[in-house]
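Here the structure comes first, spelled out in structure tokens, and everything after it is commentary.
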Number of protein chains: 2
Amino acid sequence: MFRRKGYDTTTLKDIGALAKIRAPAIYYYFSSKEQLLEEILNIGIARIHDAVQEAVDNLAAGSSHRVRVETAIRAHLTALLQHSDYTAANIINYNLAPRAIRARHLARRESYADCWRDLLQRAQDAGEIGPSVDVNLLRLFLLGALFWTHEWYGKDQEPIEVMAEKLSAMLFGGIGGRLQE
Amino acid sequence: MFRRKGYDTTTLKDIGALAKIRAPAIYYYFSSKEQLLEEILNIGIARIHDAVQEAVDNLAAGSSHRVRVETAIRAHLTALLQHSDYTAANIINYNLAPRAIRARHLARRESYADCWRDLLQRAQDAGEIGPSVDVNLLRLFLLGALFWTHEWYGKDQEPIEVMAEKLSAMLFGGIGGRLQE
DNA sequence: GAAGTTTTCTAACATTAGTTAGATTTCAAA
DNA sequence: TTTGAAATCTAACTAATGTTAGAAAACTTC
């Protein structure tokens, strides 16, 4: 519900209705509506972080860095678009969350960012990403492109594997055509 | 205020305080709080659309398509990050806006998307973007990367011109290093 | 300065939400 | 069956919000 209607518009009565209890019964499990939000934000990051981490860890030891990056992209998109309402809820509600919650949550976002920092830095150190590339900026733009998919991806779109492969190809190979240089 | 605190959290009293009037006086100018939101969403898109359109139109007639794309990127980032609280407010509040407002607003978003569709398609037709590139997907990912900057861009970051140039270079040239193929 | 319009104000309403208190039910164990 | 804990309920409170009605002030124009 936080994903569809947002935190403020969703009432405890609504949530209770979905859980087949009355609003006050929620307080048996959560101490406040804000705590509910915080836990959902946390689950949202955890889902996507775990999915990406696991997918990369499960690769064969000798896999190229390009394959590792493409795998991470695919895992991120799959977790966000197919498996986790929590992650989408996180994206939509984070900016409007109370300052205190946002502050506490930031560490978890940073930890996920580290995951990508590591991935891209190793790829550059190994020479699979050019030395002139600003990997920090690359990471910010890439993650932006990935997170933003929740704004436009619909059930009628291409399969996620195809999208991941195309994005990876555009990035590593470049989009420039014959007239490029 | 819609940008910082979001639509629901911002009260008409708050807005009035900023405008040095009491809440009911707002109704002399707007018929409801929702209309206020709708107008702000519209301004947000208009600002960024106009900025990009104008920047591209002002280029010399013979400019390469790569330059045109880079110019559009720079204009988008400048409008979003430096000139328009409205655009940032749009991004943050769009998903939580009432369905009716979102529906009406969609046409304007599509119109901005057309602007980019055109830009990229011409570049591909001219051969400056490779024939194998899915320009539709490219546009979606690229605009995602651009819009998402509002999540992380801070005053202490690199100048926008540099960011635009680096992104354009990564896209057209690719990030692949020596070991790539 | 009077008349009329524009703008803002005060007062109040209706509704609603998150939350608390305390009673009641449900359920498992002895 | 009894007992005690776990889970949910009803009732009520408090506070706040968008909105309306109508009076007052501010400003413009003749």
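Naming: A, B, ... by sequence-line order, numbering from 1 per chain.
Counting only distance, with no hydrogens or angles, the side chain of B:S84 and the backbone of B:L80 share no donor-acceptor pair below 3.5 Å. The backbone N or O of A:G154 lies less than 3.5 Å from a partner atom in the side chain of A:Q157, making a donor-acceptor pair.
The interatomic distance linking A:Y28 (OH) with D:dA7 (P) rounds to 3 Å, in whole Å. Distance A:I26 CD1 to C:dT20 C1': 14 Å, rounded to the nearest Å. Rounded to a whole Å, the CD1 atom of B:I21 is 15 Å from the C1' atom of C:dT10. For the pair A:Q35 CD and C:dT19 P, the interatomic distance rounds to 11 Å; values are reported in whole Å. Here C:dG18 presents its P atom at 12 Å from CG of A:L37, a figure rounded to the nearest Å. When the C1' atom of D:dG18 is taken as reference, atom CZ of B:R22 falls 17 Å away, rounded to whole Å. Here the P atom of nucleotide C:dG18 and the CG atom of B:D8 are 11 Å apart, to the nearest Å. Counting to the nearest Å, the P atom of C:dT16 and the NZ atom of A:K33 are 15 Å from each other.
Between D:dG18, C:dT6, C:dT19, one nucleotide has an atom nearer to the side chain of A:A23 than all others, and that is C:dT19. Candidate nucleotides C:dT8, C:dT19, D:dT8 were compared by shortest atom distance to the side chain of A:L12, and C:dT19 ranks first. Distances from the side chain of A:P24 to the nucleotides C:dT7, D:dC9, D:dA21 place D:dC9 closest. Ranking C:dT7, D:dA21, D:dA6 by closeness to the B:Y29 side chain, first place goes to C:dT7. Proximity note for A:T11 (side chain, C-beta onward) versus D:dG18, C:dC9, C:dA17: the nearest is C:dA17.
For the residue pair A:T78/A:Q82, the side-chain donor-acceptor check at 3.5 Å is not satisfied. Side-chain atoms of A:H65 and A:D125 form no donor-acceptor pair, as typed in the model, at a separation below 3.5 Å.
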Problem - salt bridge (charged side-chain N to carboxylate O under 4.0 Å, His left out) evaluation trace for B:E165 with B:R74 - result: CA-CA 8 Å; B:E165 196 274 328; B:R74 186 171 45 246; over 6 Å; no
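Overall bending of the helix from C:dG1-D:dC30 to C:dA30-D:dT1, expressed as the angle between end axes built from five pairs apiece, is 10° (10° steps).
Looking at heavy-atom distances under 4.0 Å, B:T10 makes contact with sugar-phosphate atoms alone, never a base. Here A:F30 lies out of heavy-atom contact (under 4.0 Å) with every strand.
Atom OG1 of A:T71 and atom CZ of A:R66 lie 11.5 Å apart (nearest 0.5 Å).
B:Y27 has a side-chain polar atom (N or O) that falls below the 4.0 Å cut-off from OP1 or OP2 of D:dT19.
For the pair B:R109 and B:Y94, the cation-pi criterion (under 6.0 Å, within 45° of the ring axis) is fulfilled.
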